[in-house]
Trainee: 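Handing you a structure now.
Basis for what follows: all heavy atoms, side chains included, without hydrogens, waters or symmetry-related copies. Every number for a ligand or one of its atoms is a count from 1 in the order of the listing.
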Amino acid sequence: MLDEPREIVNATVMKVLPHAIQARHHLHRHPELSFHEEHTARFIAEKLGDIGVDSLQTSVGGNGIIATVIGKNGSGPILALRADMDALPIHEEGDVEYRSEYEGVMHACGHDGHSAVLLGTAEALCSLRTRFAGTVRLIFQPAEEVAAGARAIVEEGGMKDVDGIFALHGWPGMDVGRIGIRTGAMMASADTFDITIEGRGAHAAMPHLSVDPIVAGAHVVTALQSIVSRETSPVDSVVVSVTQFHAGSAHNIIPARAELKGTVRCLTSELRQIMPERVERVVAGVCSALNAEYKINYRFGTPVTINDESMVTLVREVGSACLGEDNVEHLEWPSLGAEDFAVYLGHAPGAMFRLGTGLAKPPLHTPTYDFGDEPLRPGIEMMTQLALRYLAGASIAQ
Ligand SMILES: [Zn+2]
Ligand SMILES: [Zn+2]
């Protein structure tokens, strides 16, 4: 089912693999937080220059980089491939020899691996550029962990004229050499709310003189649970989590104010749109009953990541051909985690898949997680073959 003889692509992948491994070790050693990926971006841009990409644009949406590899006839469809570059504020506890050199910052989500896969793919596609028609646009995105980078890239024209897009995320708990994907909702939307409950402070011994924002807040937290249990169909998935509750300063003072923060996650855009009204109605009703005032700030963050059916089919076909049919997992359930890759999917059909980084690996966002070197080879092979296959199919269809 592949358009290029697998041996040719494999030989190319093997040739670029040592460079990708080196690049990942360098990136892992020098992790940078969202919006601060200056060194990372400089390093990636330098590597792309050495590789010989056809164009290179830096400082896109902050520290983003967009490079292109143009196929044999200079025209045809444009396929985008995206990797993220930022790290997390966690102190690395693993003992790999390339461990983070920076106190309290590490690549705990494996974005070092995603960037190294895309660098390897860029190099492979440059060697294979006489074998495809069309353009591959490589997007190295900053600030994924704060759900801001994708929007910044798109606002600067990163998705202009793009016909399709793919991305992967390293996945612990899945063997190396396996991938997982599903059609439709792959990841949830992630929106946030800040609620301030204004009451009236008093001596704790005279509660009748107060309007207690802690009691009102406790009722708000409890009542919000009914949105999922009583207002949402049992077959739909929604998360409403209050994750912060701050109030008070002493044992004997009823405070005047309580602050609540939390997140709302959905798997359909329709449900997502009606959640602000539901949340505010509950907060308003409870506060009114208990004589408190409230302010609410509800912010839409990342949309639902919705994988396109035909792009998923392509991932499955390429996965079966490269890794074996048994190694392409059909994911029965989406994750209620969120990914700002969703933003790109609002501009072109695409798909994100999970790439196994090891069955026994610790979870993402923990101090001993490491993407590892082994997933690089299947990652680069998948991305390279997806580009070749997509552009071959799209050229034929034109
Ligand atoms: Zn993450
Ligand atoms: Zn991530």
Side-chain angles (χ1 to χ4, degrees), residues 24 27-28 30-37 40-41 44 61-65 81-94 100 102 104-119 121 138-153 165-174 176 179-181 185-192 239 241 243 263 265 301-305 307 331 334-345 350-358 361-372 375-376 379 382-383:
R24 190 185 78 82
L27 293 170
H28 196 95
H30 305 98
E32 291 172 305
L33 295 176
S34 312
F35 289 122
H36 298 280
E37 309 90 343
T40 306
I44 290 172
N63 293 311
I65 297 169
L81 302 175
R82 172 273 208 170
D84 37 16
M85 311 191 286
D86 52 334
L88 285 161
I90 299 177
H91 190 73
E92 183 157 18
E93 286 173 14
S100 169
Y102 304 150
V105 186
M106 72 170 287
H107 270 296
C109 204
H111 298 183
D112 54 330
H114 305 171
S115 290
V117 163
L118 201 54
L119 276 173
T121 305
L138 308 150
I139 300 176
F140 291 87
Q141 180 208 304
E144 193 284 325
E145 293 293 356
V146 293
R151 200 162 279 121
I153 295 269
I165 183 162
F166 291 111
L168 58 78
H169 204 296
W171 210 257
M174 184 185 278
V176 175
I179 60 163
I181 194 161
M186 178 80 179
M187 310 279 284
S189 57
D191 304 322
T192 56
V239 168
S241 291
T243 55
T263 182
R265 279 130 195 274
T302 308
V304 188
T305 299
N307 277 345
L331 303 175
S335 156
L336 271 284
E339 235 302 332
D340 80 353
F341 180 66
V343 173
Y344 301 101
L345 297 178
M352 164 170 263
F353 61 95
R354 295 177 185 171
L355 177 78
T357 59
K361 280 268 160 85
L364 297 172
H365 290 212
T366 60
T368 51
Y369 182 72
D370 173 34
F371 183 92
L376 290 173
M382 278 300 300
M383 289 303 234

Trainee: In degrees, rounded to 10 degrees, what angle do C109 atom SG and H169 atom NE2 make at the Zn ion (ligand 2)?
Mentor: 100°
Trainee: Find the distance between NZ (K361) and CE (M174) and round it off to the nearest 0.5 Å.
Mentor: 13.5 Å
Trainee: Are a donor atom and an acceptor atom from the side chains of E32 and T40 found within less than 3.5 Å of each other?
Mentor: yes
Trainee: Flag H111 as yes if one of its N/O/S atoms falls below 2.8 Å of the Zn ion (ligand 2), otherwise no.
Mentor: yes
Trainee: Measure from the side-chain N and O atoms of H28 to the backbone N and O of H107, and report whether any donor-acceptor pair falls under 3.5 Å.
Mentor: no
Trainee: Using atom types as modelled and distance alone, determine if a side-chain donor or acceptor of D86 lies under 3.5 Å from a backbone N or O of L33.
Mentor: no
Trainee: What N/O/S atom of E145 is the closest to the Zn ion (ligand 1)?
Mentor: OE2
